[in-house]
Visitor: 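Mind looking over this structure? Questions follow.
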Amino acid sequence: MSGDGRASEGGEEEVRGARRIPGPRGAVDDLDLESVPRPLLPPPGPAAPDGAVPEQSAAEPPGPAAPERAGPEPSGPEDFGPEDAGPRDPGPEDAGPEQADPEDAGPAQAGPAQAGPEQLAPHPFAPHPATPDQATPEPLMTSAPGTGLSHRVLQALLGAWALSACSAEETAAVEDHLTECAPCADEALRLRDAVGLLHTDGSLDLDPTLRSRVMDGCLGRRPARIPVPEHAAPYDAETARLDALLRDIGDSEWHAPVRLRWFEEEREVSRRTTVAGVIGHLTAVDGLLSAALGLDDPLGRGETPQDPIERTERYWSAAQRPPTRTVREPWRAQSHELIRTASFAGRNVAEASVSYGAFALPLQDALLDRAFECWVHGGDIADAVDYPYQAPAAAHLHRMIDLAARLLPAAVAGRRRAGLAGPAKELVTAGAPGRSVHLEIEGHGGGDWFIALDSPAALGSPERAVAQVALDGVEFCRLAAGHISPVEAAAGQEGDREAIRDVLFATASLSRL
C-alpha cells in the first residue's frame with residue numbers, strides 16, 4: 001500500500017494478513033493524539049541553501065513523497081542489489097519520513113532496499129483500501145449539493161413542503177433533493193397524498209338527499225311499523241331540509257330581510273318580511289291542513305280565515321314583538337304532527353278536501369303544495385342568509401311539476417273568465433281530446449305533459465297538440481312560484497304563440513304569497 005491509501009500491485013498478499021486499520025474519521029477531535037507515539041526526529045543538520053529546495057508547480061498533481069535517504073545517494077547501478085536492478089512498484093517504504101519506523105531512522109540503514117515489506121509494520125493511521133465485504137459507511141449528515149442543507153434537515157422539511165409551508169429557497173432545496181434521494185421521494189409522495197385527504201373542493205354542506213337516502217337504507221333493513229305515505233314523503237323531506245337550514249343560522253340572521261314575490265294577474269308583486277316572518281307564514285298556511293285533519297289551528301279556536309294571505313296577515317299581526325327563532329319549534333312540531341297523522345290515517349284521508357278559500361285541494365295534493373312552498377321559501381331564506389340550497393330530489397320534484405301541470409287547465413280557464421286570455425277556439429265534451437300544448441320539462445324531474453287549452457274538462461292529447469314549449473324543471477317551478485316572468489322562462493317554443501303565452505302566464509298565476 002502506498003502512502004496515499006492505494007494498494008500496490010504486489011502488496012496485496014503482503015497486507016492480507018496484517019491487522020485491519022479503521023478508515024479515516026471525519027473529525028480530528030476523535031483522535032487521542034496523546035496516546036500516539038511520536039517519531040524520532042533526525043539530528044539537526046546544516047540549513048539547506050535556498051536553491052536546494054525546488055518550488056512545486058501548482059499544475060503538477062500531488063504524488064507520493066520522495067523517500068528520505070539515510071545514507072549516501074547511490075552513484076550508479078553497482079550500488080543496488082540484484083533485486084533492485086529493474087523497475088519496481090512503490091512500497092510502504094516510499095511513503096515519506098513521517099511513516100518510517102523511528103528505530104530505523106539512523107545512519108546504519110543504507111536505503112529502503114535493506115528492509116523488505118515483511119519487516120515494516122503498517123502505520124496505525126495509514127489509510128487502507130475499501131474491500132467489498134467492508135464498505136465505508138455512509139455519513140449520517142450529508143449536504144445536498146448547492147444548498148448547504150443536510151439530508152436530515154431536508155427530511156425534516158418534507159412535512160412543511162407537503163403543506164406548501166416552505167419558503168421559496170427551502171422548496172427549491174427539497175425538490176432538488178427529491179430527485180436524488182429515493183426514500184425521501186417516497187415519503188414526500190405519501191405526505192402529499194395525506195394532505196390531499198385534508199383538503200376538499202366540495203361543499204361542506206350536507207347533500208340535501210342525504211336524509212332520504214339514510215332513511216331509505218334504514219327502512220330497507222327494518223321497515224317502519226307505520227310508514228310515511230308516498231304522497232306525504234315530499235313534505236316530510238322538504239320540512240326536514242328547511243329545519244336543517246334554520247338550525248345552522250345565528251340569532252341575528254333571523255332578522256335578515258326576505259322579499260317574497262308572486263304574480264297577480266299580469267304583474268309581479270312582492271312583500272318584505274324577515275326569516276322569522278317567512279316561518280310564521282308557513283305555520284299559518286300549514287294550519288289549513290291541520291284543521292282538515294282535526295288538529296289544532298295555529299291561529300287559535302273560533303272563526304279563522306281560509307285565504308292564505310289573510311291567515312298570514314293575522315298571524316303576523318298577532319305577534320307582540322318581531323318574531324325570532326322561537327317560531328321554529330312550533331312550526332316544526334306542527335309539521336311533525338301533520339306527517340304523523342297522515343301516516344296513521346294512510347289512504348283513508350288522502351282524498352279529504354283542504355280549503356284554500358278560493359279553491360280546494362285533496363289532502364294528498366295539499367301536502368305536495370305545502371312541500372313545494374316549503375322548498376320555494378326555503379330558497380328565499382337561503383338567498384337572504386347566503387346559504388347553499390339545492391332543488392328537491394328528482395322524484396319529489398317530478399310530482400310537484402305534475403301537480404302544477406294538472407292545475408294549468410283550470411288556471412287558463414280562470415284567466416279567460418277574467419279577460420286575460422283569448423277565447424276558446426274549439427269546445428269539446430268532458431273527457432274528449434281537445435287542443436293542447438305540449439309541455440316538455442327537461443332536466444331534473446322532467447317529463448312530458450299535454451295541457452288542455454279550451455276547457456278544464458277536456459283531455460290533453462298529443463294528437464291535438466298545437467304548440468310545444470320546453471322548460472327546465474327548476475325554471476318551471478320558479479315560474480310557478482312567481483320568481484321569474486313568463487317572458488324569461490321559455491327556453492324553446494314552437495307552434496301557436498297565443499297558446500304558448502296562455503300556458504306560460506297561467507303557470508305564473510299559480511303563485512301566491
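Residue numbers run from 1 in the order of the sequence given. Just so it is clear, the structure is predicted and the values come from calculations on it, not from any experiment.
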Visitor: Side chains of Q155 and E187: is there a donor and an acceptor less than 3.5 Å apart?
Guide: no
Visitor: Can you find a side-chain donor-acceptor pair between W375 and E373 that sits under 3.5 Å?
Guide: no
Visitor: Taking the six-membered ring for Trp and the single ring otherwise, decide whether the centroids of H398 and H444 are under 6.0 Å apart.
Guide: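 When the ring centroids of H398 and H444 are compared, they turn out to be at least 6.0 Å apart.
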Visitor: Under a 3.5 Å cutoff, is there a donor and acceptor pairing between the side chains of R415 and S509?
Guide: no
Visitor: For a side-chain contact (heavy atoms from CB on, under 4.5 Å) with L407, tell me which candidate from L510, D402, V412 qualifies.
Guide: L510
Visitor: Using the side chain to side chain contact (heavy atoms under 4.5 Å, CB included) rule, take R406 and D365 through it: C-alpha gap first, then chi angles, then the decisive distance, then the call.
Guide: CA-CA 10 Å; R406 288 188 282 113; D365 288 343; 3.1 Å; yes
Visitor: Measure from NZ or CZ of R328 to the centre of the six-membered ring of W254, then state whether that distance is under 6.0 Å and the direction lies within 45° of the axis.
Guide: no
Visitor: For the residue pair H255 / T274, report whether a side-chain donor-acceptor contact shorter than 3.5 Å exists.
Guide: no
Visitor: I'd like to know if R464 pairs up with E426 as an ion pair, taking the criterion as any Lys NZ or Arg NE/NH1/NH2 lying under 4.0 Å from an Asp or Glu carboxylate oxygen.
Guide: yes
Visitor: Does atom CG of D193 have more than 12 heavy-atom neighbours, drawn from other residues, nucleotides or ligands, at distances under 6.0 Å?
Guide: yes
Visitor: Distance check, rounded to the nearest 0.5 Å: L513 atom CG versus I309 atom CD1?
Guide: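 Going from the CG atom of L513 to the CD1 atom of I309 covers 5.5 Å.
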Visitor: Pick from L242, V285, D369: which one makes a side-chain contact (heavy atoms from CB on, under 4.5 Å) with C374?
Guide: L242
Visitor: Do R340 and S343 meet the criterion of a side-chain donor-acceptor pair at a distance under 3.5 Å?
Guide: no
Visitor: Is it true that R311 and D307 make a salt bridge, defined as a side-chain N closer than 4.0 Å to a carboxylate O?
Guide: no
Visitor: Please determine whether side chain to side chain contact (heavy atoms under 4.5 Å, CB included) holds for the pair R261 and R271, giving the CA-CA distance in whole Å, both sets of side-chain angles, and the decisive distance to 0.1 Å.
Guide: CA-CA 7 Å; R261 296 173 293 165; R271 176 66 183 272; over 6 Å; no
Visitor: Thinking salt bridges, do R241 and D236 make one under a 4.0 Å N-O criterion?
Guide: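 Between D236 and R241 there is no salt bridge, as every charged N stays at least 4.0 Å from the carboxylate O atoms.
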Visitor: Could you go step by step and tell me if S461 and F450 meet the side chain to side chain contact (heavy atoms under 4.5 Å, CB included) rule?
Guide: CA-CA 6 Å; S461 171; F450 293 89; over 6 Å; no
Visitor: Does the side chain of Y389 pick up a donor-acceptor pair with the side chain of D383 at under 3.5 Å?
Guide: no
Visitor: Evaluate the side chain to side chain contact (heavy atoms under 4.5 Å, CB included) criterion for residues Q306 and Y356: first the C-alpha distance (whole Å), next the side-chain angles of each, then the deciding distance (0.1 Å), finally the verdict.
Guide: CA-CA 5 Å; Q306 300 297 312; Y356 285 79; over 6 Å; no
Visitor: Are more than 12 heavy atoms from other residues, nucleotides or ligands located less than 6.0 Å from atom CD of E266?
Guide: yes
Visitor: Is atom CZ of F344 surrounded by more than 12 heavy atoms (other residues, nucleotides or ligands) closer than 6.0 Å?
Guide: no
Visitor: Which pair of heavy atoms, one from A508 and one from S511, lies closest together, and at what distance?
Guide: O-OG, 2.7 Å
Visitor: Between side-chain atoms of residues 480-495 and protein atoms elsewhere (two or more places apart, or another chain), which donor-acceptor pairs fall under 3.5 Å?
Guide:
residue, atom, partner, partner atom, Å
H483, ND1, A481, O, 3.2
H483, NE2, D380, OD1, 2.9
Q493, OE1, R497, NH1, 2.9

Visitor: Find out whether the Lys NZ or Arg CZ of R501 is both under 6.0 angstrom from the six-membered ring centre of F505 and within 45° of the ring's axis.
Guide: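 Ring-cation test returns yes.
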Visitor: Charged N to carboxylate O under 4.0 angstrom, D251 versus R325?
Guide: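 Yes, charged N to carboxylate O under 4.0 Å.
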Visitor: So does R332 pair up with E329, basic N to acidic O under 4.0 Å?
Guide: no
